[in-house]
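Here the structure comes first, spelled out in structure tokens, and everything after it is commentary.
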Amino acid sequence: TGLYWGGTNAIGFVTAGTSRMELQATGKIVAASSIDGDYVATFGNTDADNGYGVLVKSGDDDNVRTFTCRDKDDGALFSVNSGGNIGIGTEAPRKKLHIGAGTDAPDIDAPLYITEAGTTGMVMRDSTNDVEAYWRVYAGGTSEIGTYTSHNFGLSAGGGARIQIEPGGKVGIGLSGSGRASGSLDVSGSVEISEVYGKHPTLYFTAGDNTDNAEIVTIGQIKSKVYDYGANDLKSQLEFYAASQNYPQGPIMTIKGSA
């Protein structure tokens with residue numbers, strides 16, 4: 001046990017006749033050991049007020065690796081570069097947190113970057129209530145987001161749910177809570193269809209089984225109006241207009257009723 005001369009300009013430390021650590025001429029420290037069920041090194045600072053841990057610094061290039069962990073096959077596990085980026089599964093992190101082995105740069109500037117060489121995604125799960133949601137990008141070019149378990153998927157804005165997709169496929173807009181949509185599409189509020197490049201808006205109503213035999217009815221414009229024919233005499237009116245490049249002179253069908 002003690003110091004030994006480990007070759008040209010190198011000093012080694014020996015215990016029980018086995019080399020444990022070597023300080024090389026370049027300043028590199030090499031420590032190797034075979035310890036069953038314990039750590040090779042342990043660092044600790046027990047000072048109660050200012051007990052700092054370990055300081056590691058690297059060169060002035062942002063891409064220089066400051067800290068790296070590898071698995072038994074020398075594969076990348078965790079790395080930090082001198083630019084402040086952290087990589088999980090990569091030693092060349094491109095963003096503040098880069099997860100995955102993908103190496104190409106993203107087109108969008110964001111601090112979180114998840115990438116693999118193929119289908120990539122992330123999963124969020126409430127383990128207590130068995131609720132699971134995911135966001136996935138397929139290798140074929142499709143992006144998908146939603147719930148994997150039988151729960152609603154919602155899109156929110158301004159702190160409130162605006163669009164709800166139910167497990168059975170029903171879609172609710174402007175509804176709150178689960179199981180509120182009464183049809184395939186249930187909208188609470190008004191619907192506006194605007195002109196595009198001078199063309200009158202068109203709605204397509206399809207009946208059938210989505211085959212060539214399905215019946216399709218095309219309606220150029222639909223207007224809902226309330227007319228005042230005098231005091232206490234309000235009437236609601238639904239007008240159907242034919243599709244035309246020129247503004248139609250009048251409705252092709254009108255449905256009237258009390259407001």
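Note: hydrogens, waters and symmetry copies are ignored here, and every other heavy atom, side chains too, is used. Residue indices begin at 1 and follow the sequence shown.
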Has [X] got a side-chain atom pairing as donor or acceptor with [Y]'s backbone, closer than 3.5 angstrom?
X	Y	value
R162	A157	yes
N129	V131	no
S156	G154	no
N85	P93	yes
T142	Y138	no
E166	A181	yes
T90	I99	no
D186	S182	yes
S188	L175	no
D71	G75	yes

Common cluster, [X]/[Y], ILVMFWY with side-chain heavy-atom separation under 4.5 Å:
X	Y	value
I11	V30	no
F78	V64	no
I145	Y148	no
F153	Y134	no

State the [atom1]-[atom2] distance between [X] and [Y], to the nearest 0.5 angstrom.
X	Y	atom1	atom2	result
L23	M21	CG	CE	7.5 Å
M122	R136	CE	CZ	12.5 Å
D107	D109	CG	CG	11.0 Å
S58	N63	OG	CG	10.5 Å
T68	L77	OG1	CG	10.0 Å
F13	I29	CZ	CD1	8.5 Å

Practice task
Please determine if E91 and R70 form a salt bridge, counting it only when a charged side-chain N lies under 4.0 Å from a carboxylate O.
Solution key: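 Yes, E91 and R70 are salt-bridged.
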
Problem - Pairing of D104 and R94 as salt bridge, 4.0 angstrom limit - result: no

Exercise for the section: Dump the intermediate steps for side chain to side chain donor-acceptor pair (under 3.5 Å) on R20 and T15, then the final yes or no. Expected result: CA-CA 7 Å; R20 306 300 185 185; T15 62; 2.6 Å; yes

Over all heavy atoms of both residues, which pair between [X] and [Y] is shortest? Give the atoms and the distance, please.
X	Y	result
A139	T119	N-OG1, 3.3 Å
K95	Y113	CG-CB, 3.8 Å
T149	E132	OG1-N, 3.0 Å
V137	S143	CG2-OG, 4.2 Å

Practice task
Just do the side chain to side chain contact (heavy atoms under 4.5 Å, CB included) check on N152 and T147 with the steps written out, would you?
Solution key: CA-CA 7 Å; N152 280 10; T147 57; over 6 Å; no

Exercise for the section: With side chain to side chain contact (heavy atoms under 4.5 Å, CB included) as the test, would you mind laying out the steps for T115 and H98 before giving the verdict? Expected result: CA-CA 8 Å; T115 175; H98 179 152; 3.3 Å; yes

Practice task
Report yes if the side chains of I165 and K170 come closer than 4.5 Å at any heavy-atom pair, otherwise no.
Solution key: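 No - every pair of side-chain heavy atoms lies 4.5 Å or more apart.
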
Handout entry: N81/D61 under side chain to side chain contact (heavy atoms under 4.5 Å, CB included): CA gap, chis, key distance, verdict
Key = CA-CA 9 Å; N81 66 20; D61 187 334; over 6 Å; no

Hey, can you pull the donor-acceptor pairs under 3.5 Å for the side chains in residues 39-46, sequence neighbours left out?
from: N45; atom 1: OD1; to: D47; atom 2: N; distance (Å): 3.0
from: N45; atom 1: ND2; to: Y52; atom 2: O; distance (Å): 3.0

